[in-house]
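Written below as structure tokens is the structure these notes are about.
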Amino acid sequence: MINRLLVANRGEITRRVFATCRALGVETVAVHSDADADAPFVAEADQAVRLPGDTPSETYLRVDLILDAARRSGADAVHPGYGFLAENAEFAAAVTDAGLTWVGPPAKVIAAMGDKLAAKSLLAEAGVPMLPSWTDAADVTDFPVLVKASAGGGGRGMRIVRDTAGLAEAVASARREAAAAFGDGTVFIERYVERGRHVEVQIFGDTHGTVAALGVRECSIQRRHQKIVEEAPGVIPEDVRERLHEAAVAAGRAVDYVGAGTVEFLLAPDGAIYFLEMNTRLQVEHPVTELTAAGGLDLVRLQLLVAEGAALPEEARSPSAQGCAIEVRLCAEEPAQGFRPATGVLHRFAVPGVDCEFGGLQRAGLRLDSGVVDGSVVGVHYDSMLAKLVAWAPTRAEAARALAGALARAELHGVATNRDLLVRVLRSPEFGAADIDTGFLDRHPEVFTALLPADRLPLAALAAALASAAGRRAGATVLAGLPSGWRNVAAVPQIARFTGPDGEIEVRYRLDRRGGLAEWSTDPADTDPPAVALVEATPDRVVLDVDGVRRAYRVHRVLSEVFVDGPDGSASLTELPRFPLPTAQLAAGSLLAPLPGAVTQVHVEVGQRVAAGDLLLTLEAMKLEHPVLAPTDGVVAELPVPAGGQVRTGAVLAVIGGVDPAPSNPEEDPR
């Protein structure tokens with residue numbers, strides 16, 4: 001029996017495993033980096049062991065430190081979560097060699113499936129259908145293709161290539177990213193199927209010879225080849241579902257699979273299925289399988305039972321699907337800027353209507369699996385996922401509507417997220433009709449627009465100004481009984497200035513002696529703004545009557561930052577001081593770091609001429625490469641950060657100067 005379990009991971013998955021452990025009476029041990037010392041998963045553990053350092057290579061990827069933590073805490077079992085060491089065969093072997101129970105498949109299975117090239121060869125012999133693939137770029141003649149990392153997963157190292165010209169650079173870039181993420185830069189090339197769907201089968205094996213398929217998940221909505229929307233059972237023809245189950249079980253039996261695993265497939269438009277990879281761990285999207293299994297399933301509980309040597313329970317051998325569950329991954333990133341990861345303090349994280357958190361056996365209307373709480377710091381060292389929100393309903397349409405509604409009403413303050421993108425996807429007619437594939441986001445740029453329409457931003461800014469005024473009035477000690485903003489002589493309006501998503505916005509307003517809104521505008525030239533009446537204004541809530549329709553706004557202020565959540569969407573504003581101090585001026589042509597990270601490669605030299613779009617350097621942050629491109633033609637004037645240098649957000653990475661026009665006649669060149 002497992003009595004004390006150490007989870008060799010962090011964040012949401014660690015909290016998820018701990019939830020099941022509490023229900024089963026298993027004691028819990030967390031390991032944490034210095035950056036995670038105050039994280040929720042650490043506070044929830046019965047014991048916690050510090051791993052000195054911040055980066056994954058210093059902490060969560062150190063097998064010796066993890067095993068030492070197990071010894072010091074008295075843990076008798078280790079659960080790897082997902083990511084980090086979850087699919088590391090050497091770690092699995094080291095755990096068992098230390099006399100601990102390993103909650104996962106045997107090391108030999110992890111090794112066999114961890115090398116995607118070897119896995120394809122092995123499973124092809126077992127009759128699992130495969131796509132054609134190549135290891136040498138010179139052999140590729142059939143485009144488009146997909147460059148893939150042989151080790152690891154999560155979409156890292158993947159590149160779509162549509163012609164010979166871009167293949168060499170795609171292979172080189174994929175190798176760099178794979179080496180940084182997994183310590184193995186081996187890549188291979190696979191035929192890319194247009195309009196293909198990414199589907200997968202949850203399998204479970206035990207030590208008594210059982211390998212069962214627990215259902216199919218649809219995971220086609222992806223960014224950077226990483227899933228962001230998953231659902232079960234998916235809109236898939238029954239004959240295709242049966243073939244997927246059969247192929248997945250065949251793959252599991254071919255390697256004597258034990259524990260939770262996922263066999264991933266590409267579903268072509270003609271109904272053909274092709275093996276992609278086997279993930280030898282619990283998947284991020286496992287909640288949709290748990291919620292749709294008739295009678296409910298707790299996959300972490302099954303992992304622990306199988307690790308203890310028990311047979312897979314009868315109810316888990318072939319569960320039937322009931323209803324529909326849809327999951328979204330809420331990430332700290334800027335979708336409109338190429339999904340650039342975002343960092344900062346999460347001042348508020350509140351999702352309305354949540355029925356349960358980390359639910360196992362309980363079916364919920366709305367389930368939240370989160371790694372963060374109010375005040376959590378989102379740093380640069382780890383994956384950008386903050387939480388998973390899952391909706392279950394009798395029908396797919398109901399689940400999508402409930403999930404979109406909860407997301408739209410959520411208060412997510414302080415860090416940019418992909419929330420608006422997710423809501424747009426869930427509410428799109430194409431998603432509703434299940435017209436989806438892995439290229440969905442590329443074909444639907446409209447889903448990248450913010451929920452808050454541009455013409456509604458002035459009302460959000462007005463609400464922010466009125467709430468700020470109410471806050472000042474609430475703290476007033478002189479003439480506190482007078483309405484906020486009231487004047488004997490209405491000579492000039494009150495003015496509040498903010499920066500918003502599209503630049504600066506100025507709110508002018510005047511209150512009458514009863515505290516009502518006498519006039520307002522955000523553009524001095526606008527002589528006919530919408531008719532607005534002030535119904536209520538407190539420091540955290542403003543109700544406006546707009547053309548006869550009442551609209552309530554929730555307002556949350558943190559120093560100069562003001563977050564407004566209203567019926568149309570959310571706005572993040574920064575209130576500007578009335579008398580700003582002078583600031584230092586950057587050199588013209590300065591390129592600034594969009595987020596903290598490390599400069600991994602510098603591709604140019606000072607004095608080199610560059611054209612707009614040329615690659616200057618590569619910044620690595622949150623396990624991903626971010627190319628820094630020349631915004632215009634010019635000459636590299638400065639490169640203040642060498643390769644290997646660490647930078648903060650806003651640091652100058654390069655300065656591009658202007659180019660003197662080339663002389664028309666070489667003899668006239670004065671040099």
Task: side-chain contact (heavy atoms from CB on, under 4.5 Å) partners of Ala321, counting only residues at least two apart - done: Pro233
- [ ] Locate the shortest heavy-atom distance separating Cys21 from Thr28; write the atom from each residue and the value.
- [x] CB-CG2, 3.5 Å
Open item on the list: Check this for me, if you would: do Asp34 and Arg50 make a salt bridge, where the nitrogen-to-carboxylate-oxygen distance has to be below 4.0 angstrom?
Closed with: yes
Open item on the list: Which residues pass the salt bridge (charged side-chain N to carboxylate O under 4.0 Å, His left out) test with Asp442, not counting sequence neighbours?
Closed with: none
Task: Residues that Ala174 engages under side-chain contact (heavy atoms from CB on, under 4.5 Å), provided they are two or more places apart - done: Val147, Arg159, Val187
TODO: Measure across Ala399 and Ala393 and return the closest heavy-atom pair with its distance rounded to 0.1 Å.
DONE: N-CB, 3.5 Å
Open item on the list: Quick check on Glu90: does its CD atom have over 12 non-hydrogen neighbours (other residues, nucleotides or ligands) under 6.0 Å away?
Closed with: no
TODO: List for me each residue that meets ring pair (Phe, Tyr, Trp, His ring centres under 6.0 Å) alongside Phe91, sequence neighbours excluded, and say none if there are none.
DONE: Trp102
Open item on the list: Going by the rule side-chain contact (heavy atoms from CB on, under 4.5 Å), which residues pair with Ala251 if we only count those two or more places apart in sequence or in a different chain?
Closed with: Leu123, Val128, Val263, Met278
- [ ] Please name all residues satisfying side-chain contact (heavy atoms from CB on, under 4.5 Å) with Glu561, sequence neighbours left out, ordered by chain then number.
- [x] His347, Phe563, Thr574
Task: Between CZ on residue Phe448 and CG on residue Leu421, distance to nearest 0.5 Å - done: 5.5 Å
- [ ] Identify, with sequence neighbours excluded, every residue that meets ring pair (Phe, Tyr, Trp, His ring centres under 6.0 Å) alongside Phe440.
- [x] His444
TODO: Can you run down the ring-ring contact (aromatic ring centres under 6.0 Å, His included) pairs that involve residues 10-46, sequence neighbours left out, and say none if there aren't any?
DONE: none
- [ ] Name all residues meeting the salt bridge (charged side-chain N to carboxylate O under 4.0 Å, His left out) criterion together with Arg329; count only those two or more places apart in sequence or in a different chain, and write none if there are none.
- [x] Glu230, Glu285
Open item on the list: Among residues at least two apart in sequence or on other chains, which ones pass salt bridge (charged side-chain N to carboxylate O under 4.0 Å, His left out) with Arg427?
Closed with: none
Open item on the list: Using a strict threshold of under 4.0 Å (side-chain N to carboxylate O), is an ion pair present between Glu327 and Arg217?
Closed with: no
TODO: Kindly compute the distance separating CG (Leu276) from CG (Leu266), expressed to the nearest 0.5 Å.
DONE: 5.5 Å
Open item on the list: Show every salt bridge (charged side-chain N to carboxylate O under 4.0 Å, His left out) that has at least one partner inside residues 392-402, sequence neighbours left out.
Closed with: Glu231-Arg396
- [ ] Kindly write out the residues that satisfy salt bridge (charged side-chain N to carboxylate O under 4.0 Å, His left out) with Asp565, not counting sequence neighbours, or none if the list is empty.
- [x] none
Task: Donor-acceptor pair, side chain of Asp54 and main chain of Ala35, under 3.5 angstrom - done: yes
Task: Tyr60 side, atom OH; Leu65 side, atom CG - distance, nearest 0.5 Å - done: 11.5 Å
Task: Ionic contact status for Arg22 with Asp46, cut-off 4.0 Å - done: no
